[in-house]
Amino acid sequence: MLPAQPFGRLLGRAISLHQDELRAEGKRVLVAGLGNYGLRGTRHSVGMAVLNHLASKLSVADQWKRDKRCCADVAVAKVEDVELVLMKPRRLMNVNGLCVLGAAEVYRTDAENIYLVHDDLDKPLGKVALKLGGSARLRIGIGRPVGEATVDHYVLGRFTNAEQELLPQVFEQAVGILLENIRQRDSCKETLAMCGEPVRAPP
């Protein structure tokens, strides 16, 4: 499971130091699927599996390319008039943040336009939740181990056959929530821009 507070503080602090340089050119959103790159198919890498499903949904599954500037696999897609930069870090989970920061700098994306997709031990498999504020977090429930299994062994293990039958539905739900929020955020920004400054009563 991703340690939310240290990761969020690291990302937010680092991006704030370069805020002027990271103003996006146009409408751009960075979506990062977190996990252990060399351990695909494990519970801890479910965020990357969601990104693969998202890439298929957006017809860019065959367009992943390694970007050495941020040590990640990257694919670019469009959702209406928003450019989506999809990324899967090529480092281990505990240093995924360095890849995300690198991608934010390379693709000029500020913290408010970053979505982090990762596993969550405290939610059962099938439960998906989006937490907003700063960099948004799409949390994919994987449940907790039962019996004598340790957390480390559990998260680095593969889903059982029964769990794998549920994954397509989980991925579809996660992608739907993500895309809907991106569309709604873009629509809200346009509405606010059209409204301009609020009218103030004369003194």
Side-chain angles (χ1 to χ4, degrees), residues 1-2 4 7-8 11-12 15 24 26-37 40-64 67 70 72-89 93 96-97 99-101 103-104 107-143 159 163-164 166-191:
M1 180 181 176
L2 183 70
F7 186 97
L11 184 62
I15 289 181
K27 300 175 182 177
R28 182 177 296 151
V29 169
L30 176 65
V31 184
L34 308 184
N36 293 307
Y37 189 83
R40 303 178 189 182
T42 62
R43 295 182 178 90
H44 215 19
S45 297
V46 70
M48 292 185 173
V50 171
L51 261 284
N52 287 335
H53 189 79
L54 176 60
S56 296
K57 196 84 171 177
L58 299 176
S59 302
V60 294
D62 60 344
Q63 297 179 31
W64 290 105
D67 190 333
C70 54
D73 288 349
V74 173
V76 179
K78 293 282 286 187
V79 174
E80 297 175 1
D81 60 345
V82 179
E83 180 182 77
L84 262 61
V85 178
L86 314 183
M87 70 162 294
K88 296 182 293 184
M93 172 69 100
N96 273 187
C99 299
V100 176
L101 175 59
Y107 295 97
R108 304 180 66 81
T109 309
D110 59 27
E112 293 183 352
N113 289 308
I114 296 176
Y115 288 78
L116 306 174
V117 186
H118 62 88
D119 61 299
D120 191 334
L121 274 168
D122 294 324
K123 292 180 174 55
L125 182 65
K127 179 70 173 180
V128 179
L130 180 63
K131 182 178 180 181
L132 302 177
S135 297
R137 293 172 175 272
L138 185 61
R139 300 177 175 182
I140 314 299
I142 61 171
F159 290 100
E163 290 172 335
Q164 289 180 24
L166 297 176
L167 290 181
Q169 180 180 345
V170 173
F171 296 161
E172 187 69 17
Q173 179 187 6
V175 166
I177 290 173
L178 179 66
L179 292 177
E180 181 63 21
N181 185 261
I182 290 173
R183 292 188 181 101
Q184 287 181 352
R185 279 169 49 126
D186 183 55
S187 176
C188 288
K189 288 179 181 178
E190 286 187 353
T191 300

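All values reported here derive from a predicted model rather than from experimental measurement.
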task = Output all residues satisfying side-chain hydrogen bond (donor to acceptor under 3.5 Å, both in side chains) with N52, sequence neighbours left out; order by chain, then residue number.
result = K88
ask   = Between H118 and R139, is any pair of side-chain heavy atoms under 4.5 Å apart?
value = yes
request  = Please report the closest heavy-atom contact between N96 and G35, naming both atoms and the distance.
outcome  = OD1-N, 2.9 Å
Validation row: L34, V100 side chains within 4.5 angstrom (heavy atoms) = yes
Qualifying residue for side-chain contact (heavy atoms from CB on, under 4.5 Å) with F159, from I142, T42, L166 = I142
task = Determine whether M48 and P89 make a side-chain contact, defined as any pair of heavy atoms from C-beta on separated by less than 4.5 Å.
result = yes
Results of side-chain contact (heavy atoms from CB on, under 4.5 Å) for A103 - residues two or more places apart only = L30, C70, M87, Y107
message = Just to verify, what does K127 make a side-chain contact (heavy atoms from CB on, under 4.5 Å) with, not counting sequence neighbours?
response = K123, P124
Side chain proximity check, V85 to T109, heavy atoms < 4.5 angstrom = no
query = Can you find a pair of side-chain heavy atoms, one from D119 and one from M93, that are under 4.5 Å apart?
reply = yes
inquiry  = Under a 3.5 Å distance rule, please check whether S45 uses its side chain to pair with a backbone N or O of N36 as donor and acceptor.
reply    = yes
inquiry  = By the definition side-chain contact (heavy atoms from CB on, under 4.5 Å), identify the one residue from L51, I140, V170 that meets it with V46.
reply    = I140
task = Using the salt bridge (charged side-chain N to carboxylate O under 4.0 Å, His left out) rule, collect all pairs that involve residues 41-53, keeping only residues at least two apart or in two chains.
result = R43-E163
ask   = Would E83 and K78 count as a side chain to side chain contact (heavy atoms under 4.5 Å, CB included) if you check the C-alpha gap in whole Å, the side-chain angles of each, and the deciding distance to 0.1 Å?
value = CA-CA 5 Å; E83 180 182 77; K78 293 282 286 187; 4.3 Å; yes
ask   = Which heavy-atom pair separates D120 from D122 by the least distance, and what is that distance?
value = OD1-N, 2.9 Å
query = Checking side chain to side chain contact (heavy atoms under 4.5 Å, CB included) for the pair Y115/V29: CA distance, chi angles, key distance, verdict?
reply = CA-CA 8 Å; Y115 288 78; V29 169; 3.5 Å; yes
request  = Would you check if L84 and L179 make a side-chain contact, meaning some heavy-atom pair closer than 4.5 Å?
outcome  = yes
query = Does the pair N113 and R28 meet the rule for a side chain to side chain contact (heavy atoms under 4.5 Å, CB included), with working shown?
reply = CA-CA 7 Å; N113 289 308; R28 182 177 296 151; over 6 Å; no
inquiry  = If the condition is salt bridge (Lys or Arg N to Asp or Glu O under 4.0 Å), which residues does E180 pass it with, not counting sequence neighbours?
reply    = none
key: Gap separating the CG atom of L178 from the CG atom of L138, nearest 0.5 angstrom   = 6.0 Å
note = In short, I114 meets A104 closest at the heavy-atom pair CD1-CB, 4.0 Å
task = List in chain and number order the residues that pass side-chain contact (heavy atoms from CB on, under 4.5 Å) with A49, two or more places apart in sequence or in another chain; answer none if no residue qualifies.
result = F171
query = Does the side chain of W64 come within less than 4.5 Å of L86's, by heavy atoms?
reply = yes
